[in-house]
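Counting starts at 1 for both ligands and their atoms, following the listed order. Values in this document were obtained by computation on a predicted structure and should not be read as measured data.
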Amino acid sequence: MSTKTKQKVHNYSAGPCILPSTVFEKASAAVLDLDGSGLSILEISHRSKPFVAIMEKARALVKELLDVPEGYSILFLGGGASTGFFLVPMNYMKVGGKAAYTDTGTWASNAIKEAQGFGEVDVVASSADKDHTYIPKGHPIPSGVDYFHFTSNNTIYGTQYKDLPTSSDGTPVICDMSSDIFSRPVNVADFAMIYAGAQKNMGPAGTTLYIVKDELLGRTGRSLGNMMDLRNHIKKESMFNTPPVYPVYVSMLTLEWMKEQGGVKAMQERSEARAGLLYGAIDELPLFEGTTAREDRSSMNATFRLTNTALEETFDAAWKEAGISGLRGHRSVGGYRASMYNALPLESVQVLVDVMHEFAKKNG
Ligand SMILES: *Cc1c(COP(=O)(O)O)cnc(C)c1O
């Protein structure tokens, strides 16, 4: 049988993306036989004891890793973070109400567009004036809005909030953490809701994690379809309908791996090591330049370009030759993007940095 690791690929894909190889091993074994049950994870009922235990374990791991306080529910629902974009205003914006958003790029803009379908949206800060290459700071979180929403890490542009905005007067704060959740500790108590599509730092595509402060739900005056009302999913512990069984299972395995590795503090240390190594090379070598404001550089998605774009083909050939995959920037911005999620080994970053130095020596 061929194994996945025959030729080492350094996977910089922005999402779906690299997961730990031990997770791939366990996940593939469970497709054939889940824990010696003689049944595949793909053919058991979501109401069966083994799956209920998997769901409970996934929730418990999120609670433990992020130190989720009492009064919050943890949900694994179908759909992507884009589903969250409309579940948020549906469940938190009052009829005739208003919400505040920051616009820090494509995903934030998409969230804003969805919210505008439900009420008034006040864009309190935007980085659109400089092609979303920085994080707007110093803006107030307005009071008198139903909630304030921001995107902690801008996957496409490579910017990241280093200080997460908090409200001083109790305005509920909601965050799309799709591409940096579990990469650093967060104080969950500061948030009314955190949501994240699984396929960046938590697992495969197909499920979205919601961490929801219970007491803020059910205040909109809006009647929701059953599937849209988060209270139904909380009541049924993510089993209101058939949950995405396999994505939840693989996410659980990945969460377990994070815990074994030392939790989010360890993830943060590794992430800083990877980012330090790569940004160091970008800054040192005149053939490369970062595309974002230094203080807002994402430790998850490092965006950069060549100072001489005529050399792109040569550079592309060099990194492909070294077994690197997925380094091209998002189609909307071009350039390069190195996505360095939790499971990416430092060794893969070293390979890229070596390629960059070699390339600079030959072409500089
Ligand atoms: C990828 C991404 C999304 C979209 O996720 P889907 O699961 O494809 O809907 C939303 N927000 C951020 C920050 C992302 O990185």
Participant: Report yes if the side chains of Tyr12 and Arg337 come closer than 4.5 Å at any heavy-atom pair, otherwise no.
Facilitator: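 The answer is no; the side chains never approach within 4.5 Å.
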
Participant: Can you pull out the closest protein heavy atom to atom 15 (O) of ligand 1? Residue, atom name and distance to 0.1 Å, please.
Facilitator: Thr155 OG1, 2.4 Å

Participant: Can Asn153 be said to touch ligand 1, with heavy atoms closer than 4.0 Å?
Facilitator: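 For ligand 1, residue contact (heavy atoms, under 4.0 Å) with Asn153 is present.
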
Participant: Examine Tyr101 together with His149 and report whether their ring centres are nearer than 6.0 Å.
Facilitator: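 So the answer is yes for these two rings.
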
Participant: Does a sphere of radius 6.0 Å around NZ in Lys236 hold more than 12 heavy atoms from other residues, nucleotides or ligands, not counting ones at 6.0 Å or beyond?
Facilitator: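 Atom NZ in Lys236 is not packed in, count stays at 12 or less.
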
Participant: Does Gln199 have a non-hydrogen atom less than 4.0 Å from ligand 1?
Facilitator: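 Per 4.0 Å heavy-atom rule, Gln199 contacts ligand 1.
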
Participant: Report yes or no: does a heavy atom of Gly80 sit under 4.0 Å from some atom of ligand 1?
Facilitator: yes

Participant: Select one of side chain, backbone, both or neither to describe which atoms of Thr151 lie under 4.0 Å from any atom of ligand 1, heavy atoms only.
Facilitator: side chain

Participant: Around atom 4 (C) of ligand 1, find the nearest protein heavy atom and jot down its residue, atom name and distance.
Facilitator: Trp107 CZ3, 3.5 Å

Participant: More than 12 non-hydrogen atoms from neighbouring residues, nucleotides or ligands closer than 6.0 Å to CD on Glu43, yes or no?
Facilitator: yes

Participant: I want to know whether Phe148 and Tyr92 have ring centres closer than 6.0 Å.
Facilitator: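 That pair fails the under 6.0 Å test.
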
Participant: Tell me which protein heavy atom sits closest to atom 2 (C) of ligand 1, plus the residue, atom name and distance to 0.1 Å.
Facilitator: Lys200 NZ, 2.5 Å

Participant: How long is the straight-line distance from CZ of Arg59 back to CG of Leu255, given to the nearest 0.5 Å?
Facilitator: 12.5 Å

Participant: Relative to ligand 1, is Phe85 under 4.0 angstrom through side chain, backbone, both or neither, heavy atoms considered?
Facilitator: side chain

Participant: Checking a contact table here: which protein heavy atom is nearest atom 9 (O) of ligand 1, and how many Å away?
Facilitator: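 Here the closest protein heavy atom is Ser82 OG, 2.6 Å.
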
Participant: Step through it carefully: locate the ring centre of Phe315, locate the ring centre of Tyr336, and say whether they are under 6.0 Å apart.
Facilitator: yes

Participant: Among Asp180, Asn110, Asp176, which residue places a heavy atom closest to atom 13 (C) of ligand 1?
Facilitator: Asp176

Participant: For atom 5 (O) of ligand 1, what is the closest protein heavy atom, and at what distance to 0.1 Å?
Facilitator: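 Ranked first by proximity to atom 5 (O) of ligand 1 is Ala81 CB, 3.5 Å.
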
Participant: Could you tell me whether Lys130 atom NZ has more than 12 heavy atoms of other residues or ligands within 6.0 Å of it?
Facilitator: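 Not more than 12 within 6.0 Å, no.
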
